[in-house]
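First comes the structure, then the notes that go with it.
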Protein chains: 2
Amino acid sequence: MQKTDSLQKRAFPPREIDATDRKILGELARDASVSFARLGEAVGLSAPAVHERVKRLKAQGVIRGTVAHLDGARLGKPLLAFVHVTTKGWGKTRALMSLADLPEVEEIHSATGDTCLIIKVRVASSLALEGLLSRIYDLPEVRATQTYVALSTHLERSPQAEVTQALEEAETLR
Amino acid sequence: MQKTDSLQKRAFPPREIDATDRKILGELARDASVSFARLGEAVGLSAPAVHERVKRLKAQGVIRGTVAHLDGARLGKPLLAFVHVTTKGWGKTRALMSLADLPEVEEIHSATGDTCLIIKVRVASSLALEGLLSRIYDLPEVRATQTYVALSTHLERSPQAEVTQALEEAETLR
DNA sequence: CGTGAAATCGTGGGCGC
DNA sequence: GCGCCCACGATTTCACG
């Protein structure tokens with residue numbers, strides 16, 4: 001890790017994400033409204049020091065932004081569903097991507113398996129879900145869809161900073 | 001809706017979420033790091049006024065919290081997958097819910113369809129994914145799983161405040 | 001990375017509509 | 001009831017050692 005040359009000569013040096021960074025990220029992923037002072041004493045640093053790290057992590061793109069986590073049900077969208085879309089040919093067309101313009105659509109992933117696209121949607125009612133599905137079906141490249149309605153949500157959070165090391169090990173004895 | 005009596009006599013009155021609230025929520029869902037002053041001029045209100053509304057929305061639970069949105073790939077977890085779990089009997093057992101302790105697990109939903117549980121996971125490698133699946137299979141109530149690996153993500157955001165009214169209407173002519 | 005200072009912001013009370 | 005003005009305390013954020 002001595003060679004800081006070559007690529008990645010952006011505004012910030014190619015510094016590694018160390019344990020302190022991960023602790024900071026862990027806190028911010030759960031609650032980004034803490035002050036830098038409190039964050040500092042949580043990780044054993046002064047406020048300006050954490051501030052500089054956070055600024056660097058933002059510039060590096062590790063922190064993509066800080067957002068308010070809203071409650072879909074209380075906003076009038078109590079129905080959460082995952083829609084699997086099977087397309088003709090390769091499904092990554094502009095028309096399908098334009099579904100992102102709808103505020104009901106929260107995620108769009110290209111996926112393996114017999115489905116090409118996985119879309120996470122949150123809507124006001126089963127009627128609204130039907131309306132959304134009809135829009136999807138209107139697209140010419142859509143061959144079929146399969147919808148899984150979430151009956152209850154037990155966990156829903158943003159990406160966590162921690163990694164479970166044990167998952168990478170000792171898979172040989174199954 | 002004149003009757004403000006009975007239950008819901010919490011610290012905050014059962015005020016409706018009006019258009020201004022939705023504008024505020026829309027801003028905060030995209031970027032919660034704006035100052036109240038800027039938020040105020042975005043929605044045509046003074047800083048203390050927005051502050052009070054935000055306080056109310058938090059107390060009502062509409063704003064569940066403000067969190068940092070981290071980039072999974074840059075954190076060493078480039079592999080996103082959805083695992084559908086079919087269980088014996090009703091799958092909502094304590095053992096399955098304890099998967100929430102793993103930082104790799106981001107969402108757990110009970111779902112309709114031929115699957116009982118939908119789990120969203122983000123892991124470091126295919127080996128780690130295998131390790132996670134093996135943990136799931138170790139649970140006695142698990143009958144089968146089906147995994148969809150996300151090849152690329154085109155959209156991933158938190159619940160939005162806006163609602164598309166058109167989705168609720170005129171579904172009769174299909 | 002810590003210290004100190006300056007600018008900005010959050011936040012409660014009081015008034016007016 | 002609801003929002004604006006004002007003021008104080010806390011926080012962010014900069015320059016320096």
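Only this structure's heavy atoms are used, side chains among them; waters, hydrogens and symmetry mates stay out. All chains are named by letter (A, B, ...) in the order of the sequence lines, taking the proteins before the strands, and each is independently numbered beginning at 1.
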For atom CD of B:Glu52 and atom P of D:dC5, their distance in whole Å: 15 Å
Distance test, side-chain N/O of B:Lys55 to OP1/OP2 of C:dG10, below 4.0 Å: no
Side-chain N or O of B:Arg53 closer than 4.0 Å to phosphate OP1/OP2 of D:dC2: no
Reference residue B:Leu70; test side-chain contact (heavy atoms from CB on, under 4.5 Å); the match among A:Ile63, A:Leu28, A:Leu57: A:Ile63
Nucleotide nearest A:Ser35 (side chain, heavy atoms from C-beta), chosen from C:dG12, D:dT11, D:dT13: D:dT11
Between C:dG10 (C1') and A:Arg38 (CZ): distance, integer Å: 14 Å
Between P of D:dG1 and CG of B:Leu45, the distance in whole Å: 18 Å
A:Glu106 backbone acceptor or donor facing B:Arg157 side chain under 3.5 Å: no
Below 4.0 Å: OP1/OP2 of C:dT11 and any side-chain N or O of B:His51: yes
Residue mapping more 5' on DNA chain D - nearest nucleotide basis, B:Thr20 or A:Phe36: B:Thr20
B:Glu141 and its side-chain contact (heavy atoms from CB on, under 4.5 Å) partner, picked from B:Val85, B:Leu96, B:Thr86: B:Leu96
Between D:dT12 (P) and A:Leu39 (CG): distance, integer Å: 9 Å
Under 3.5 Å: donor-acceptor pair, side chain of B:Lys77, backbone of A:Glu162: yes
Gap between atoms CG and C1', on B:Asp21 and D:dG1 respectively (whole Å): 14 Å
Nearest-Å distance once atom P is located in both D:dT13 and C:dT11: 15 Å
